[in-house]
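Written out below as structure tokens is the structure these notes cover.
When a ligand or atom number is given, it counts from 1 through the structure's own listing order.
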Amino acid sequence: MAEFTMELNEEQKEVRDWLHGFAADVIRPAAAEWDEREETPWPVIQEAAKVGIYSLDFYAQQYFDSTGLGIPMAMEELFWGDAGIALSIVGTGLAAVGVLANGTEEQIGTWIPQMYGDQNDVKVAAFCSSEPDAGSDVASMRTRAVYDEAKDEWVINGTKTWATNGGIANVHVVVAVVDPELGSKGHASFIVPPGTPGLSQGQKFKKHGIRASHTAEVILDDVRVPGSCLLGGKEKLDERLARAREKAKKGVGVPPAGGWGRVKNAAMATFEASRPAVGAMAVGTARAAYEVALDYATTREQFGRPIIDNQGVAFQLADMRTQIDAARLLVWRASWMAINGKPFTAAEGSMSKLFASETAKKVTAQAIQILGGNGYTREYPVERMHRDAAIYTIFEGTSEIQRLVIARTLSGMPIR
Ligand SMILES: Cc1cc2nc3c(=O)[nH]c(=O)nc-3n(C[C@H](O)[C@H](O)[C@H](O)COP(=O)(O)OP(=O)(O)OC[C@H]3O[C@@H](n4cnc5c(N)ncnc54)[C@H](O)[C@@H]3O)c2cc1C
């Protein structure tokens with residue numbers, strides 16, 4: 001285990017500075033345009049692919065950084081540039097992680113390269129879990145996958161919603177119900193390869209923020225995928241389902257009356273591990289807005305002096321910075337725990353996401369206040385940052401769900 005330090009090592013500093021340069025020179029200048037266009041910023045993704053930021057190799061390198069800080073550091077810098085564009089750059093990574101976590105080596109080797117495409121022909125991927133009636137309540141999922149043994153194919157039917165890159169992705173990763181009796185234990189993930197008939201884009205959402213990131217419904221109408229597209233393979237799924245059925249018979253592995261309490265399942269554990277990354281995105285947006293506000297407060301003069309000369313403004317900035325630093329520390333702690341295999345006994349992953357996302361919402365609102373009328377216009381970036389920040393308390397589990405996870409973990413009580 002690495003010796004405890006609060007400092008990034010030289011290699012991390014180099015990567016951070018390189019990412020910061022890309023965020024400052026390429027992402028930030030394009031932010032307002034793509035926010036207005038509400039379209040995927042393909043030229044920026046292509047630029048990121050050229051320099052090696054849009055690639056599996058880059059994510060793998062950051063992911064396996066033994067301090068755990070590679071991913072949070074990368075997310076903070078890219079989202080400091082702009083949240084919508086950054087999500088367009090890292091959205092594919094969310095789908096790739098779904099394959100890395102559950103796929104066989106062959107599936108990883110076949111599908112992940114197709115998710116990214118190549119420098120001259122970049123592609124994106126989508127992870128489709130949420131449904132109109134299954135948001136926070138994942139167990140209510142209805143999209144059904146049925147095995148057609150004669151053809152060794154899975155037939156998938158259902159409607160997914162809120163899918164980042166949904167419908168424009170080259171590869172879609174779709175979570176579906178294979179055994180409705182088992183709740184979330186009866187779910188499995190499938191690859192839907194490029195051009196598969198029956199998969200189409202439904203409504204594309206017009207959003208409040210992160211408008212450079214494409215979000216849409218995905219309709220699955222008798223989508224047939226080969227047996228090899230079941231992530232992890234049929235044998236592993238059958239074993240897993242058999243275990244879950246056995247446990248269900250004994251009353252283990254199904255939610256006890258009133259909720260899960262301390263009982264955890266694998267999906268929950270996976271989410272816990274990915275939440276600090278979302279916290280880091282929120283830290284990036286919050287820091288960006290704070291920096292604009294600090295700069296403005298030192299240059300804008302009223303009553304013959306810079307507005308920061310007033311405690312009413314200066315103390316707001318002091319609070320903003322304190323909360324951003326506290327959020328980053330929670331994110332780094334959870335990321336360090338995750339890479340070192342430390343169990344989240346106090347839902348530290350959820351804590352980091354909860355605090356960082358609420359901080360981003362608060363800090364970006366304060367930044368608007370400090371910029372006064374200018375803050376309220378699209379001439380300055382803080383109103384966009386404030387709209388963007390609102391997503392962090394919603395996706396990858398809302399703030400209420402994070403509080404639920406933390407409270408259940410701490411108390412062991414079936415809090416609802
Ligand atoms: C821009 C965007 C991108 C997204 N990208 C993806 C993606 O790529 N893939 C994907 O699968 N999903 C994605 N999502 C979906 C996202 O994860 C869900 O929106 C989120 O989980 C919340 O679900 P919901 O919208 O159905 O809200 P609901 O679950 O209906 O919640 C509504 C409100 O009720 C509260 N609530 C619900 N249950 C409880 C409870 N038990 N206790 C207290 N409060 C509760 C919630 O906190 C919330 O405030 C995305 C969403 C957005 C907006």
May I ask you to list the atoms of ligand 1 that are less than 4.0 angstrom from any heavy atom of [X]?
{"X": "T164", "value": "3 (C), 4 (C), 5 (N), 6 (C), 7 (C), 8 (O)"}
{"X": "T398", "value": "22 (C), 46 (C), 47 (O)"}
{"X": "I210", "value": "1 (C)"}
{"X": "K207", "value": "1 (C)"}
{"X": "S136", "value": "23 (O), 28 (P), 29 (O), 31 (O), 37 (C)"}

Counting only heavy atoms on the protein side, is anything nearer than 4.0 Å to [atom]?
{"atom": "atom 34 (O) of ligand 1", "value": "no"}
{"atom": "atom 9 (N) of ligand 1", "value": "yes"}
{"atom": "atom 52 (C) of ligand 1", "value": "yes"}

Parallel, tilted or perpendicular: which fits the ring planes of Y380 and Y296, with parallel below 30° and perpendicular above 60°? perpendicular
Look at the aromatic rings of Y147 and W154 and report parallel, tilted or perpendicular, splitting at 30° and 60°. tilted
If I take atom CZ from residue R224 and atom CG from residue N157, how far apart are they, to the nearest 0.5 angstrom? 10.0 Å
Should [X] be counted as touching ligand 1, given the test is an N or O pair under 3.5 Å?
{"X": "T161", "result": "no"}
{"X": "I401", "result": "no"}
{"X": "T215", "result": "no"}
{"X": "R416", "result": "no"}
{"X": "E131", "result": "no"}
{"X": "E400", "result": "yes"}

Tell me the nearest of T393, I391, I394 to atom 2 (C) of ligand 1, using heavy-atom distances. I391
Do T159 and E217 have a side chain donor and acceptor closer than 3.5 Å? no
Suppose the criterion is salt bridge (charged side-chain N to carboxylate O under 4.0 Å, His left out): which pairs have a residue in residues 136-145, not counting sequence neighbours? D133-R142
